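If you're wondering where the values come from, they're calculated on a predicted model, not measured in any experiment. Protein chains get the first letters and strands the later ones, always in sequence-line order, with residue 1 at the start of each.
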2 protein chains.
Amino acid sequence: MDSKMEEKDFLACCGSKKFAEEMTSSGPFANLDHAIDVARDIWFNKVDVNGWLEAFAAHPQIGQNPSAKHPSDTSAQWSKGEQSTALQTATDSSLQELSDWNARYWKKFGFVFLICASGRTASEILAELKRRYPNRPIVEFEIAAQEQMKVTELRLAKLFSTQVKAASISTQ
Amino acid sequence: MDSKMEEKDFLACCGSKKFAEEMTSSGPFANLDHAIDVARDIWFNKVDVNGWLEAFAAHPQIGQNPSAKHPSDTSAQWSKGEQSTALQTATDSSLQELSDWNARYWKKFGFVFLICASGRTASEILAELKRRYPNRPIVEFEIAAQEQMKVTELRLAKLFSTQVKAASISTQ
């Protein structure tokens with residue numbers, strides 16, 4: 001597969017500049033599995049803790065409109081899709097409770113509550129936030145990085161499927 | 001013991017503002033052991049990862065003059081004392097090698113190489129730097145936080161001994 005993926009595409013998958021640069025210089029990738037293997041190695045072994053914080057900062061607060069926060073339209077659109085189950089199952093009061101707990105979480109940990117929201121209801125997300133809140137900051141930091149990796153994998157899959165579609169149209 | 005310890009004293013022990021604030025509001029302490037117990041709880045359970053990075057940033061690079069970097073005279077003076085064995089055992093070439101490896105370390109991890117240098121020779125410190133260098137960023141982040149705590153404990157001991165001396169002079 002002759003990939004046309006650019007740094008901005010990888011940055012929409014994960015908001016660490018180092019991650020995006022390393023993915024760009026590591027490509028093109030034979031397939032999605034190959035890209036995910038490389039992405040995991042870069043994220044967990046090469047991106048430093050400042051890069052993790054940079055990637056976390058690119059996420060909207062769960063339950064909030066992502067467009068204001070997100071660095072790219074692609075990322076904002078994907079984030080909206082990932083949160084669609086949560087938004088469909090949310091009530092005004094559960095959104096309020098989520099917002100209150102997000103604020104408490106931010107105050108304790110200094111970064112946004114990060115969860116791979118895809119397919120999860122608002123109450124599942126809230127329960128998970130409450131369960132993780134007592135964690136030590138360093139423990140929560142590593143859990144957030146694992147959640148970021150899940151989000152990145154889903155987005156890489158979307159990126160590959162878009163590329164395959166584009167390639168099949170251009171060769172018709 | 002009626003402690004006269006202020007926020008700036010605790011900030012000289014550990015450069016996280018949150019740490020210094022929480023120590024100040026938790027005092028006065030009955031004795032050094034009490035202060036260390038509270039300090040460990042604050043550092044590992046309450047200071048977030050941004051606070052860890054803030055504390056790391058207050059340290060000079062091992063083998064370098066601390067005064068330019070350090071936020072307080074007390075901290076600079078303590079840092080010099082902690083590194084006295086290293087500086088006495090260092091040669092020009094070992095200082096150069098330490099400087100080169102410090103730069104590599106910074107490039108990989110995004111924060112200064114942190115070690116409780118007290119009583120360690122330059123070559124011991126260099127060996128430890130090389131041993132830790134292959135670590136994953138998150139692993140190294142937690143080791144650095146443990147080293148910071150060792151430094152903090154030594155400095156709290158100095159702070160208490162200064163206070164006891166001052167108290168004994170004022171009551172004579």
Heavy-atom cut-off 4.5 Å, strictly under: side chain, backbone, both or neither for A:F141 against chain B? side chain

Greatest number of non-hydrogen atom pairs under 4.5 angstrom with chain A, of B:E140, B:E142, B:K18, falls to B:E142

Shortest non-hydrogen contact from B:N50 to A:F109? ND2-O, 4.1 Å

With a 4.5 Å heavy-atom cut-off, do A:I138 and B:F44 have their side chains touching? no

Least distance between heavy atoms, A:P137 atom then B:V47 atom: CG-O, 3.5 Å

Rounded distance [0.5 Å steps], NZ in B:K46 versus CZ in A:R136: 14.0 Å

With chain A, which of B:N135, B:L53, B:V49 has the greatest number of heavy-atom pairs at distances under 4.5 Å? B:V49

Over 12 foreign heavy atoms within 6.0 Å of NZ, B:K108: yes

Any chance NZ of B:K158 has more than 12 other-residue heavy atoms, nucleotides or ligands included, within less than 6.0 Å? yes

B:I143-B:L154 co-clustered via ILVMFWY side chain contacts under 4.5 Å: no

